[in-house]
Amino acid sequence: MSDLLDNLNLEQYSAVTLPNESALILAGAGSGKTRVLITRIAWLISCGEVNATDILAVTFTNKAAREMLLRLSKILTLNTNSMWIGTFHGLCNRMLRAHYRDAGLPQDFQILDSADQLMAIRRLMKSLNIDDEKYPAKSLQYFINNAKEQSLRPAEIDASDNHNRKWVELYSAYNQQCQREGVVDFSELLLRSYNLLQYNPALRAYYQTRFKHILVDEFQDTSKLQYAWIKLLAGERNGGIFAVGDDDQSIYAFRGAHAGNMLDFEREFNVQHLIKLEQNYRSHGNILDAANVLISHNSKRLGKNLRTNACHGKLVQAYGAATDSQEASWIAGKVQTLIDTGLSPDEIAVLYRSNAQSRIVEHMLVNAGIEYRVYGGLRFFERQEVKHALAYLRLINNFNDDIAFDRVVNFPARGIGTRSLEQLANTARTYNCSMMQAIPYMLGRAGQLFNEFLALIERISNNTRAMSLPEMVEAVISLSGLEKFYANKPESQERIENLRELVNAASAFVVEEGYNLMPARSILPVCSTENYAVILGENNNNKEKTGAALPSIEELQKNPNQITPISDFLSHASLEPGDNLANTRKNVVQLMTVHAAKGLEFVAVFITGLEEGLFPHENSAIKKDALEEERRLMYVAITRAKESLYLSFAQSRMLHGKTRYNVRSRFFDELPTRVLQWTTPRTKSNLSKRQRTSLDNNYADAYFNDNTIALKLVNQNQCTQSVFQIGKSVFHSKFGEGKITELEGDGSDAKARVEFKRHGTKWLALAIAKLQPA
DNA sequence: ACATGCAAAATTTTT
DNA sequence: TTTTGCATGT
């Protein structure tokens with residue numbers, strides 16, 4: 001056990017060995033946060049005071065959960081499967097499966113991902129004849145998820161004004177539809193689990209006594225509902241919550257993360273142990289300096305300053321390009337140099353603020369013959385062919401799954417059109433049943449087609465009954481006609497590959513979950529028959545409902561419920577991204593958004609597109625809170641780098657098919673000048689031919705004082721001089737008339753801040769934007 | 001019922 | 001620029 005604690009620094013050591021009282025660990029970037037969390041769990045268990053099953057550890061992503069399990073199983077010899085370690089959604093799912101009846105759910109309820117949810121909402125709106133212009137499906141989705149995040153059921157929302165009433169009505173109708181179809185969306189997963197504990201004292205008491213230690217990773221990313229869920233599990237004892245987080249790395253406020261939870265937690269749990277992990281083991285000194293100085297511009301901070309024993313290392317390379325392609329080719333060149341000096345390509349990351357920026361970088365990397373991998377984009381389980389196959393699987397599992405029905409009833413095409421589907425939906429509504437159940441009521445040609453589909457599903461169901469999960473998946477793919485459909489098309493070869501991969505995924509799943517050893521996994525049975533209208537909160541005045549007493553553990557083991565591998569696999573597909581399944585090409589340059597880079601580290605990091613309007617993003621630049629989040633995002637980006645950091649911007653950039661002119665990001669000015677090394681192109685020699693002509697045409701020479709810039713513009717053989725002065729009116733071919741309010745820089749860097757009459761205020765590069773005196 | 005074409009929107013994203 | 005939903009024509 002002692003070697004467990006070896007090599008921990010003093011801060012880490014005291015965090016790992018804290019007594020069972022609430023503690024907040026402020027863990028800076030690269031300070032060994034995950035290590036502390038894992039060692040803490042291992043230490044608790046090896047001390048012999050608690051069992052592995054007494055611990056609940058919750059993380060934010062599957063990746064983090066997987067890593068925790070993996071590293072734990074290396075330190076300790078125990079069955080990590082029985083431990084409650086996972087994401088909020090994963091653990092809530094587990095709890096709801098175990099107590100499905102108390103939660104008012106069918107045993108094999110399915111999970112809707114965001115796309116499924118939107119489809120379900122669209123279908124609902126259509127069936128209710130709601131005008132999509134007035135009530136857009138996307139807005140309803142937002143409304144619903146927002147309400148659930150605030151743990152508000154329809155009956156609890158104030159619907160006094162007409163407009164709000166309609167939203168609440170739709171929210172309620174949506175809930176009923178989900179309930180009828182036996183599906184839950186992501187936010188429902190959390191809220192339902194919260195309600196389950198809230199309304200069921202026996203169950204609550206059971207979990208409160210069971211989990212002696214609760215550990216929360218990435219606490220700054222938790223939402224209010226997630227925090228409330230944790231609080232409910234912790235109960236009144238005010239102890240045993242070990243929260244690890246970094247307020248400076250809170251970058252998910254836009255989707256409900258509430259970093260204020262850290263302060264609330266400190267207050268509400270009367271936290272006596274606040275430990276700061278400030279020793280950084282990742283980055284060289286200059287990089288860390290850059291990060292520290294940048295983040296010090298934020299006002300809302302708990303306060304923390306990273307230090308390192310490492311050397312200063314290299315200076316941060318900064319580069320200002322005239323165009324986005326010039327920026328990208330500079331990046332490609334630097335990447336090539338790094339690889340030439342022996343750096344492994346997967347130790348190089350190119351980061352950007354938004355996905356649209358990857359294209360140009362990819363283009364230049366291809367030109368340079370450098371292999372890369374782009375993160376983000378479609379996940380494995382979100383690909384259409386995979387979703388189709390899963391939909392067939394869902395239908396076999398549950399004939400009443402209307403979402404799955406909708407997806408594949410006419411895929412591959414069976415001649416069933418929107419008209420027939422509308423009729424079927426109407427019938428289903430009349431009889432208040434599922435689409436599948438409504439089929440016998442359909443007459444005529446459409447009825448015949450529907451019946452053929454029903455027969456197909458029944459046939460697949462019967463033929464696969466005795467099969468193992470992977471065999472079943474394989475059979476579904478071929479019997480449904482999906483295989484044939486894609487096989488005929490040469491452009492669908494990748495889809496066929498993915499369907500094969502799905503079979504592999506099922507095989508892997510079966511082995512991982514132990515289904516190859518036993519036919520079905522047993523879960524805790526259920527004990528009360530409480531009416532789920534209470535849970536749904538349609539009538540929610542009497543808050544606390546009494547559930548029946550829980551049976552003893554012995555009773556539970558004697559009489560377990562069974563969960564089928566098929567529905568378990570389906571939730572797995574909804575909750576796991578499955579990106580280890582496709583496109584895993586290793587040891588190439590890594591391209592991703594800054595968000596996606598969180599938690600990762602690389603020897604060399606490029607942060608690109610550092611322009612006002614892009615990073616910080618224009619939608620965030622106005623509001624102070626949003627700007628501070630952008631700054632934290634920049635902080636996250638910088639702290640990914642171990643040894644080399646490259647920052648770049650482009651004065652002009654193609655975005656959404658239009659060229660935009662930007663100035664460099666304010667974040668450059670928030671970095672200490674001593675760590676920055678600027679290499680801005682001023683000579684012709686390092687430019688490509690095309691860029692050279694474009695620059696030659698526009699810029700020759702300039703002089704300036706505080707309120708005037710004079711530019712000599714050389715166009716072919718003509719030479720014109722323009723004088724730009726603060727207060728003068730100018731004309732721009734796209735933005736129209738405006739007035740100069742600020743001037744900056746010289747030569748090719750000269751910029752003017754122009755207040756346009758119709759297009760707001762913009763910074764323009766004078767060498768590029770063709771401003772005419774008005 | 002299905003193909004084709006046009007208009008509108010397009011941060012960040014995990015579950 | 002690219003995607004995607006919706007409308008029109010066959």
Side-chain angles (χ1 to χ4, degrees), chain A residues 58-65 86-94 111-119 122 126 132-133 136-138 145 148-149 184-191 193 217-218 221-223 225-226 250-257 324 351-360 363 375-379 381-382 384 410-422 445-446 449 571-579 592-599 609 611 613-621 626 629-630 632-634 636-637 653-660:
Chain A
V58 60
T59 64
F60 211 66
T61 62
N62 286 297
K63 202 168 71 184
T87 63
F88 280 98
H89 292 84
L91 295 175
C92 287
N93 177 45
R94 191 163 173 176
I111 300 164
L112 301 186
D113 65 25
S114 315
D116 291 335
Q117 184 189 32
L118 190 60
M119 282 194 14
R122 289 229 167 93
K126 209 169 253 175
D132 194 74
E133 296 274 282
K138 274 236 171 85
N145 290 335
K148 289 186 179 180
E149 167 54 36
V184 295
D185 57 50
F186 284 136
S187 14
E188 184 70 29
L189 221 41
L190 294 172
L191 181 53
S193 170
D217 190 16
E218 304 278 12
D221 283 337
T222 51
S223 71
L225 178 56
Q226 287 164 339
S250 161
I251 54 173
Y252 287 112
F254 71 91
R255 65 162 199 237
D324 48 357
L351 310 183
Y352 33 80
R353 175 67 237 267
S354 61
N355 284 309
Q357 288 167 253
S358 78
R359 181 172 300 276
I360 184 82
H363 185 76
Y375 283 78
L378 264 194
R379 281 163 220 291
F381 287 118
E382 283 171 1
Q384 64 148 304
N410 197 35
F411 195 95
R414 300 187 174 84
I416 297 170
T418 32
R419 196 62 199 274
S420 315
L421 264 175
E422 223 165 76
R445 165 109 185 109
L449 290 171
S571 4
H572 171 83
S574 303
L575 293 172
E576 301 267 338
D579 28 69
M592 65 191 88
T593 63
V594 182
H595 282 92
K598 192 175 163 205
E611 294 133 41
L614 244 192
F615 197 0
H617 195 273
E618 53 201 343
N619 298 0
S620 305
E629 177 144 323
E630 295 284 317
R632 290 193 293 270
L633 199 52
M634 182 66 185
V636 168
R653 177 179 300 278
M654 246 335 205
L655 200 67
H656 303 323
K658 283 181 184 148
T659 307
R660 301 190 0 164

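The model shown is predicted, which means the values in this text are computed figures rather than measured ones. In what follows, chains are A, B, ... by sequence order, proteins preceding strands, each numbered from 1.
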If you measure from the P atom in C:dT4 to the same atom in B:dT13, how many Å do you get, rounded? 16 Å
Looking only at side-chain atoms of [X], point me to the closest of [options].
X	options	answer
A:Y252	B:dT13, B:dT11, B:dT15	B:dT13
A:T87	B:dT15, B:dT12, C:dG5	B:dT15
A:R255	B:dT11, B:dT15, B:dT13	B:dT13
A:H656	B:dT13, C:dG5, C:dT1	C:dT1
A:F254	B:dT15, B:dT11, B:dT13	B:dT13
A:R359	B:dT13, B:dT11, C:dT2	C:dT2
A:T593	B:dT15, B:dT12, B:dT11	B:dT12
A:A596	B:dT11, B:dT13, B:dC2	B:dT13
A:S420	B:dT15, B:dA1, B:dC2	B:dA1

With a centroid cutoff of 5.5 Å and a plane-angle limit of 30°, would you call A:H595 stacked on B:dT12? no
So [X], base contact, sugar-phosphate only, or nothing? Heavy-atom distance under 4.0 Å.
X	result
A:D221	nothing
A:S620	base
A:E630	base
A:F88	nothing

Without decimals, in angstroms, what is the distance between [X] [atom1] and [N] [atom2]?
X	N	atom1	atom2	result
A:F411	B:dC2	CZ	P	12 Å
A:R419	C:dA7	CZ	P	16 Å
A:K658	B:dA10	NZ	C1'	12 Å
A:L655	B:dA10	CG	P	13 Å
A:L378	C:dT4	CG	C1'	13 Å
A:D217	B:dT15	CG	C1'	16 Å
A:R653	B:dA10	CZ	P	20 Å
A:L118	C:dT4	CG	P	12 Å

Any donor-acceptor pair under 3.5 Å joining the side chain of A:R353 to the base of B:dT11? no
Hey, does the side-chain of A:S114 have a donor or acceptor N/O within less than 3.5 Å of a partner on the base of B:dT13? no
Ignoring hydrogens and angles, tell me if any N or O in the side chain of A:H595 forms a donor-acceptor pair with the backbone of A:I251 under 3.5 Å.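 Side chain of A:H595 to backbone of A:I251, a donor-acceptor pair under 3.5 Å: yes, one is there.
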Check whether A:H656 reaches the backbone of A:K658 with its side chain - one donor and one acceptor, N or O, closer than 3.5 Å. no
Which atoms form the tightest heavy-atom contact between A:E576 and A:N62, and what is the distance?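 Smallest heavy-atom distance, with atoms named: OE2-OD1, 3.2 Å.
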Does A:D217 reach the side chain of A:F60, with side-chain heavy atoms less than 4.5 Å apart?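 Side chain of A:D217 against side chain of A:F60, heavy atoms only: no contact under 4.5 Å found.
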With DNA chain B as reference, determine whether A:R414 or A:H617 sits nearer its 5' end, using the nearest nucleotide of each.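 Here A:R414 is the residue nearer the 5' end.
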Heavy-atom nearest nucleotide on DNA chain B for A:G417 versus A:K63: which residue maps closer to 5'?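 Checking each residue's closest nucleotide, the 5'-ward one belongs to A:G417.
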Ignoring backbone atoms, establish whether A:N410 has a side-chain N or O less than 4.0 Å from OP1 or OP2 of B:dC2.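 For B:dC2, OP1/OP2 do have a side-chain N/O of A:N410 under 4.0 Å.
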With a 4.0 Å limit, can you tell me whether A:N355 has a side-chain N or O closer than that to the phosphate oxygens OP1/OP2 of B:dT11? no
For B:dT11, does the O4'-C1'-N9-C4 (purine) or O4'-C1'-N1-C2 (pyrimidine) torsion place it in syn, i.e. within 90° of 0, or in anti? syn
Give none if B:dT15 has no partner; otherwise give the nucleotide forming a Watson-Crick or G-U wobble pair with it, both distances under 3.5 Å. none
Within the 3.5 Å criterion, strictly below it, is a donor on A:Q357 or A:D324 matched to an acceptor on the partner's side chain? no
Any Lys/Arg nitrogen of A:E422 or A:K126 sitting under 4.0 Å from an Asp/Glu carboxylate oxygen of the other? no
CG-NE2 distance between A:D185 and A:H89, expressed to the nearest 0.5 angstrom: 8.5 Å
